[in-house]
Protein chains: 2
Amino acid sequence: MSMNNPENENRLRQLFPFLQEADSDFCRAFFDSVILAHLKTGNEVCAEGNTCTHLPLLVEGVARIYKSGETGKEITLYRIRPGESCVLTASCILSGRPFPATANVESNLTAALVPAEFVRKWIGRDSAWRAYIFSLVADRLSAIIQVVEEVVFQRLDQRVAAYLLRHGSGSPAAIHATHQEIADELGTSREVVSRLLKSFEQSGAIRLSRGQVTVIDRDYLLGVGANGL
Amino acid sequence: MSMNNPENENRLRQLFPFLQEADSDFCRAFFDSVILAHLKTGNEVCAEGNTCTHLPLLVEGVARIYKSGETGKEITLYRIRPGESCVLTASCILSGRPFPATANVESNLTAALVPAEFVRKWIGRDSAWRAYIFSLVADRLSAIIQVVEEVVFQRLDQRVAAYLLRHGSGSPAAIHATHQEIADELGTSREVVSRLLKSFEQSGAIRLSRGQVTVIDRDYLLGVGANGL
DNA sequence: ACCTGTCTGTGACAAGATCACGAATGCCGG
DNA sequence: CCGGCATTCGTGATCTTGTCACAGACAGGT
């Protein structure tokens, strides 16, 4: 079930500029071997220890790559959005190692799956393709290091405030997430998030309701860490 | 000051097998453009924000790559030993980004410095070289993710115990490091390390002296986290 | 011996993690 | 409309970790 739909081809070309720079040889082979897949919200894409057989190029939706500990605690490493792909998968394909994390669909996915074989074969033959893979690595490597930095150096109230500012949308900004989801994002526990949110609410910076946080005072959140909570 | 010493060439060939698999064209260019450098213990190799101009291939010594926060706190990301090289540098060279951490010489270094220009140019031309760079990425990517995992999911007593077991040498195993150095390794503070070590000592697992820890009861350390401290 | 800088020990307290509940909310079937 | 039922949230108790402040202990030089 390869991709024989010219409309999908154009969509991919728009989202992944390397397809415009690459040789026509490469592109022909690419569209011949790629598979278009759909996955629904909540599905697990890849579990810890899996062997990666395909590199996904996202066309639609969001996936979350995270690490989870024995106790059920989690922390998000990074997310993938349309036009992006997954370094960890690429790294696993090129090195043959097992996948060291878990990947999950956050909102309905459409992705072009590039067979591992193809990835390996063309990395030496097409420079646009190679450059794309390298940009993947560089982008995510620094993202993961930033996760380390945040976890080790930043206070949790700052990290929660930053989360709210990043994930809010609309006006007034609203975040649709349970306290547990926020905790899993930041690598902490639900109780701690609940307590911090409560204290933000008591300061008048946010309003809490089931499964949702509404930001009332952006400036307060921006200042968390500078002033004394 | 390129490398015109055949003895050094042989040393490099032994430590870096890709030089044996690579084309002779590549090897000639490689030895022409590489520079041999020596750095002494304690020197800073690369600071946060630097632009990387050379990829170091280690011949001798150890370098430590770490991240440090505003407050002076640090955490080690990974180390480089003979036969290895630095992913972050490679990634920066290929993507043009600034170096997102700090690198330091832990014990006198000898390294072959490959110019950034060379790295970029030959990554598309020689498959052995390319494979080497990719193996760098895969190795360190999982190492960094493991750092995240340890910081987020493991208790500190376990991490200190694991540190002692990893870094001990001789019999009985001795670790030459100050409490501050151990703290910097693990991303925590000296006082906390001091307290945990003290409690290990009171349990008879180790003996403390200035700048040194002697492991007396390996089994105790192995069991930390399972039993109750 | 004495000074000096580094290293270690410790008490007090704040922040974060974990455990053990119970209360509030939203939903669904009757 | 009402009574389960599952999920989400709140909270006290307790333990671990982080931070601050400061004192004592040790090693090396003069």
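Residue numbers start from 1 in every chain, and the chains themselves are labelled A, B, ... in the order their sequence lines are given, proteins ahead of strands.
C:dG26 atom P lies 14 Å from atom NE2 of A:H176, rounded to whole Å. Distance, B:D157 CG to C:dT18 P: 12 Å, rounded to whole Å. The CZ atom of B:R207 sits 15 Å away from the P atom of C:dT8 (whole-angstrom rounding). Straight-line distance from the CD atom of B:Q180 to the P atom of C:dT6: 12 Å, rounded to whole Å. Protein atom CG of B:L196 is 13 Å distant from nucleotide atom P of C:dT10, rounded to whole Å. Per the geometry, CD1 belonging to A:I182 stands 15 Å off P belonging to C:dA17, to the nearest Å. Between the C1' atom of D:dT8 and the CZ atom of A:R190 lies a distance of 8 Å, rounded to the nearest Å. Atoms CG (A:L208) and C1' (C:dG26) sit 17 Å apart, rounded to a whole Å.
Counting only distance, with no hydrogens or angles, the side chain of A:D217 and the backbone of A:D219 share a donor-acceptor pair below 3.5 Å.
Here the side chain of B:R210 is nearest to one of C:dG9, D:dA6, C:dG5, namely C:dG5. You'll find that the side chain of A:R195 is closest to C:dT18, out of D:dC9, D:dG18, C:dT18.
Residue B:T178 places no side-chain N or O under 4.0 Å from the OP1 or OP2 atom of C:dT6. Note on A:T188: a side-chain N or O is less than 4.0 Å away from OP1 or OP2 of C:dA17. Residue A:H179 places no side-chain N or O under 4.0 Å from the OP1 or OP2 atom of D:dT7. Between A:R155 and C:dA15 there is a side-chain polar atom (N or O) within less than 4.0 angstrom of OP1 or OP2.
Put simply, the side chain of B:R159 and the base of D:dT17 share no donor and acceptor less than 3.5 Å apart. Looking at A:E191, its side chain comes within 3.5 Å of the base of C:dC19 through a donor and an acceptor atom.
Applying the ring-ring contact (aromatic ring centres under 6.0 Å, His included) definition to pairs two or more places apart or across chains, those involving residues 133-169 of chain A are A:F134-B:F134, A:Y163-A:H167.
Between B:R79 and B:E84 there is no salt bridge, since no side-chain N of the basic residue sits under 4.0 Å from a carboxylate O of the acidic one.
Closest approach of A:I65 and A:A101 over heavy atoms only: CG2-CB, 4.3 Å.
Counting heavy atoms from C-beta on, the side chains of B:L94 and B:R120 come closer than 4.5 Å.
Projected onto DNA chain D by closest heavy-atom contact, B:G187 and A:Q202 fall at different nucleotides, the more 5' of which corresponds to A:Q202.
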